[in-house]
K.L.:
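Quick one: the structure is below, questions incoming.
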Amino acid sequence: GNSVTQMEGPVTLSEEAFLTINCTYTATGYPSLFWYVQYPGEGLQLLLKATKADDKGSNKGFEATYRKETTSFHLEKGSVQVSDSAVYFCALKGGATNKLIFGTGTLLAVQP
Amino acid sequence: NAGVTQTPKFQVLKTGQSMTLQCAQDMNHNSMYWYRQDPGMGLRLIYYSASEGTTDKGEVPNGYNVSRLNKREFSLRLESAAPSQTSVYFCATRLNNSPLHFGNGTRLTVT
């Protein structure tokens, strides 16, 4: 079945550092891929998405490129801020059920 | 515009007690979902409702029941709570294929 694997955290960075959070997936067909972010005490919010191979999703300085050849959708940001501290979830939607399947989440802590 | 509202925010139950988690949305979305979030497990779908009057099991439905009271409200009931149901519960909604909108969660502890 479909699944998502993302790197375990926590990821601890200094402000202005470069961020990569790895995400790979297993799916039949051509799923849509998402990154959601969960700030402390809140529900998840959509950060960005890509619906087909080679698409790049971007929002708030974050980017992720849908790479079918490596079945990956890694999240990147060139210069993180303290306010980016949150839990990031990779997710995919597709297949017969069309349900959203989440990865386990990666906690990012950015220190000033 | 409140979006997705969950009540209560926190709850402590004893094993065997029952309770209902409430979710209401004011966005006129047709689909509603209940997830649980556990460390190292991500979010897992408990039940969902594609439209008013329909409900379906998700990945982890055992021990739960749901009710889609009307288009706005989707409640999750634990008839006999167990410690394994200690978790953070999130309600989410969606209009057709738009992104999910989440509530702020209910933190449930079962002792």
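Predicted, not measured: the structure shown is a model, and the values here were computed from it. Quick note: numbers below take in every heavy atom, side chains included, and nothing from hydrogens, waters or symmetry partners. Order of the sequence lines fixes the chain letters, A, B, ..., with proteins taken first and strands second; residue numbering starts at 1 for each chain.
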K.L.:
How about OH on A:Tyr39, more than 12 heavy atoms from neighbouring residues, nucleotides or ligands closer than 6.0 Å, or not?
P.N.:
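For A:Tyr39, atom OH is crowded (more than 12 foreign heavy atoms under 6.0 Å).
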K.L.:
Which heavy atom in A:Gly43 sits nearest to a heavy atom in B:Asn104, and how many Å separate them?
P.N.:
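Looks like N-OD1, 3.4 Å.
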K.L.:
Is the count of non-hydrogen atoms from other residues, nucleotides or ligands lying under 6.0 Å from A:Glu69 atom CD greater than 12?
P.N.:
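Enclosed: over 12 neighbouring heavy atoms sit under 6.0 Å from CD of A:Glu69.
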K.L.:
For atom CZ of B:Arg44, decide whether the heavy atoms of other residues, nucleotides or ligands shown that lie under 6.0 angstrom number more than 12.
P.N.:
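Result for CZ/B:Arg44: enclosed.
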K.L.:
Looking only at non-hydrogen atoms, find the nearest pair between A:Phe102 and B:Leu43 and report the distance.
P.N.:
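Smallest interatomic distance, heavy atoms only, reads CD1-CB, 3.8 Å.
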K.L.:
Go through the atoms of A:Glu8 and report whether side chain, backbone, both or neither lie under 4.5 Å from a heavy atom of chain B.
P.N.:
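For A:Glu8, no heavy atom lies under 4.5 Å from chain B.
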K.L.:
Would a single hydrophobic cluster contain both B:Tyr89 and A:Phe89, if residues Ile, Leu, Val, Met, Phe, Trp and Tyr are joined by side-chain heavy-atom contacts under 4.5 Å?
P.N.:
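No, because A:Phe89 and B:Tyr89 fall into different hydrophobic clusters, even though each may have its own neighbours under 4.5 Å.
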K.L.:
Sort A:Tyr36 into side chain, backbone, both or neither according to what part of it lies under 4.5 angstrom from a heavy atom of chain B.
P.N.:
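For A:Tyr36, the side chain is the part near chain B, not the backbone.
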K.L.:
Do you know the tightest heavy-atom contact between A:Thr104 and B:Gly40?
P.N.:
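Looking at all heavy atoms of both residues, the closest pair is CG2-O, 3.2 Å.
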K.L.:
Above 12 or not: heavy atoms from other molecules or residues under 6.0 Å from NZ of A:Lys68?
P.N.:
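Atom NZ in A:Lys68 is crowded, with more than 12 foreign heavy atoms closer than 6.0 Å.
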K.L.:
Do B:Leu100 and A:Leu100 have side chains that get closer than 4.5 Å, going by heavy atoms?
P.N.:
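Yes, their side chains come closer than 4.5 Å.
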K.L.:
Does B:Met19 belong to the same Ile/Leu/Val/Met/Phe/Trp/Tyr cluster as B:Leu76, with side-chain heavy atoms less than 4.5 Å apart forming each link?
P.N.:
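Looking at the clustering, B:Leu76 is in the same group as B:Met19.
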K.L.:
Please classify the contact between B:Gln37 and chain A as side chain, backbone, both or neither, with a heavy-atom cut-off of under 4.5 Å.
P.N.:
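The side chain, not the backbone.
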K.L.:
Please find the pair of heavy atoms, one from A:Gln38 and one from B:Phe90, that lie closest to each other, and give the distance.
P.N.:
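Scanning both residues, the minimum pair turns out to be NE2-CZ, 3.0 Å.
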K.L.:
Who wins among A:Val4, A:Leu46, A:Leu44 for the most heavy-atom pairs under 4.5 Å with chain B?
P.N.:
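Heavy-atom pair counts peak at A:Leu44.
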K.L.:
Does the side chain of A:Gln45 reach to within under 4.5 Å of the side chain of B:His101, using non-hydrogen atoms?
P.N.:
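Side-chain contact under 4.5 Å: no.
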K.L.:
Give the cluster check for A:Leu75 versus A:Leu13: same hydrophobic cluster or not, with ILVMFWY residues linked at side-chain heavy-atom distances below 4.5 Å.
P.N.:
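A:Leu75 and A:Leu13: one cluster.
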